[in-house]
Peer 1: 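Below is a structure I'd like to ask you about.
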Number of protein chains: 2
Amino acid sequence: MSVETHPDLTKNQALVFGSLSDAGGPLTAYAILDLLRDSGFRAPLQVYRALDKLVEYGMVHRLESLNAFVACSHKGCSSHGTAAFAICEKCGVVSEFTPDKAMSLLRDWTKSEGFQLSRTTIELRGTCRQCAVPN
Amino acid sequence: MSVETHPDLTKNQALVFGSLSDAGGPLTAYAILDLLRDSGFRAPLQVYRALDKLVEYGMVHRLESLNAFVACSHKGCSSHGTAAFAICEKCGVVSEFTPDKAMSLLRDWTKSEGFQLSRTTIELRGTCRQCAVPN
DNA sequence: GCCCCGGCGTTACGTTATTACGTATGTAGC
DNA sequence: GCTACATACGTAATAACGTAACGCCGGGGC
């Protein structure tokens, strides 16, 4: 169904990724830990180690302003640019998108400054269309 | 020397802002607490309360990816757009800039989605010109 | 067999942030 | 003056987030 996209996951990595996929939204590391207690998880480090790898593989993103993690919304997580996130402060829904043009402008700035970019965080906080009171 | 820019700060707010200004770079809340023990600070909450106000006034920015705070680099903190930050992972230097064009594109996205934007986080991690090995 | 390495499990600890409660001070209305 | 209210403050306790250090295990290369 999905193209081959990631280096085979270990059991723990698969469990953590499964939790995030099933959740369909952001989870904190400790929330994941609680979800996986029945699967044998006992300590935060088990979660963090798996998350580190999943982030490295690009299958999971870290939301810095939430101290939480979310499964990448791209099917199969094939190659794609830097992700940005819109986070609704009312309902908690997170929308991922790929602001290529904006990134290009940010990269222009880094080039002019001689700054070697390794990672970009773009997070928008606000209210989603559903939650914006319509009347 | 500086134009009138902020609603008079309370003693604690002034102390915290002074610490950040003097530091010339990011500090964590607990680092500020340690700096201000001699001034009578005893508990984290004293720092966090002051920081909340300073951020609200736009005089201090929170760096989400660092869990730290930095004084706004605009003199007098007069009106300005959303700030972005380039953080050198080698030397820790933080450069603030105002990516108006990129923000405009991000706002285009929010408008098309009906997302009401309240706050934007843009943080670039990488290596600054000084720290990039030149040979 | 032997070594190395990546992943794993566990304990303990460090760091960051908040909840809850009570006190002090200023100001507006009466 | 007095009350009512809002804002700031002080303190203690605790919650939430993240990491260091240790040792074990299993698989691959030689």
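Within every chain, numbering begins at 1; the chains are lettered A, B, ... in the order of the sequence lines, protein sequences first and strands thereafter. Please read these numbers as outputs of a predicted model, since none were measured by experiment.
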Peer 1: Please list, chain by chain and in numerical order, all residues satisfying side-chain contact (heavy atoms from CB on, under 4.5 Å) with B:E64, sequence neighbours excluded.
Peer 2: A:E64, A:S65, B:R62, B:R119, B:T121, B:E123
Peer 1: Can you measure A:L27 atom CG to D:dA16 atom P for me and round it to whole angstrom units?
Peer 2: 15 Å
Peer 1: Take atom CD of B:E56 and atom P of D:dT7, then tell me their distance rounded to the nearest Å.
Peer 2: 10 Å
Peer 1: May I ask you to decide if the ring planes of A:F69 and A:Y48 are parallel, tilted or perpendicular, using 30° and 60° as cut-offs?
Peer 2: perpendicular
Peer 1: Taking N or O atoms only and anything under 3.5 Å, show me the protein contacts with nucleotides 24-27 of chain C, one pair per line.
Peer 2:
none

Peer 1: Below 3.5 Å, can you tabulate the donor-acceptor pairs from side chains in residues 17-41 of chain A to any protein atom, sequence neighbours excluded?
Peer 2:
residue : atom : partner : partner atom : Å
A:S19   : OG   : A:L15   : O            : 3.0
A:S21   : OG   : A:F17   : O            : 3.0
A:T28   : OG1  : A:A31   : N            : 3.0
A:D34   : OD1  : A:R37   : NE           : 3.4
A:D34   : OD1  : A:R37   : NH2          : 3.2

Peer 1: Under 4.5 Å between side-chain heavy atoms, hopping through other hydrophobics if needed: is there a path connecting A:L66 to A:V55?
Peer 2: no
Peer 1: Could I get the full list of side-chain contact (heavy atoms from CB on, under 4.5 Å) partners for B:A50, not counting sequence neighbours?
Peer 2: B:Q13, B:V16
Peer 1: Write down the distance between CG (A:D34) and C1' (D:dC17), rounded to a whole number of angstrom.
Peer 2: 13 Å
Peer 1: Return the angle between end axes of the helix from C:dG1-D:dC30 to C:dC30-D:dG1, with five pairs used per end and rounding to 10°.
Peer 2: 30°
Peer 1: Checking one residue: B:L105. Which other hydrophobic residues are in its cluster under the side-chain 4.5 Å linking rule?
Peer 2: A:L105
Peer 1: Please determine whether side chain to side chain contact (heavy atoms under 4.5 Å, CB included) holds for the pair A:R49 and A:N12, giving the CA-CA distance in whole Å, both sets of side-chain angles, and the decisive distance to 0.1 Å.
Peer 2: CA-CA 9 Å; A:R49 287 204 271 231; A:N12 283 5; over 6 Å; no
Peer 1: Listed by chain and number, what are the side-chain hydrogen bond (donor to acceptor under 3.5 Å, both in side chains) partners of A:Q46, not counting sequence neighbours?
Peer 2: none
Peer 1: Residues of residues 84-92 of chain B with any non-hydrogen atom less than 4.0 angstrom from an atom of DNA chain D: list those, numerically ordered, please.
Peer 2: none
Peer 1: Starting at atom CG of B:L9, determine the distance to atom P of D:dA8, rounded to an integer number of angstrom.
Peer 2: 11 Å
Peer 1: Filter on side-chain hydrogen bond (donor to acceptor under 3.5 Å, both in side chains), then keep only pairs touching residues 96-106 of chain B, sequence neighbours left out; what's left?
Peer 2: B:H61-B:E96, B:S73-B:E96, B:H74-B:E96
Peer 1: Is the closest side-chain heavy-atom distance between A:L117 and A:L106 below 4.5 Å?
Peer 2: no
Peer 1: Within the 4.0 Å limit for protein heavy atoms, which parts of nucleotides 8-23 of chain C are touched? Write it as a string from 5' to 3', B for base, S for sugar-phosphate only, - for none.
Peer 2: BBBB----BBBBB---
Peer 1: Could you walk me through whether B:S95 and B:C128 satisfy the side chain to side chain contact (heavy atoms under 4.5 Å, CB included) test, starting with their C-alpha distance in whole Å, then the side-chain angles of each, then the deciding distance to 0.1 Å, before giving a yes or no?
Peer 2: CA-CA 9 Å; B:S95 306; B:C128 72; over 6 Å; no
Peer 1: Listed by chain and number, what are the salt bridge (charged side-chain N to carboxylate O under 4.0 Å, His left out) partners of A:R125, not counting sequence neighbours?
Peer 2: A:E89
Peer 1: Whole-Å distance between D:dC17 P and A:L33 CG?
Peer 2: 11 Å
Peer 1: What salt bridge (charged side-chain N to carboxylate O under 4.0 Å, His left out) pairs are there with at least one residue in residues 107-116 of chain B, not counting sequence neighbours?
Peer 2: none
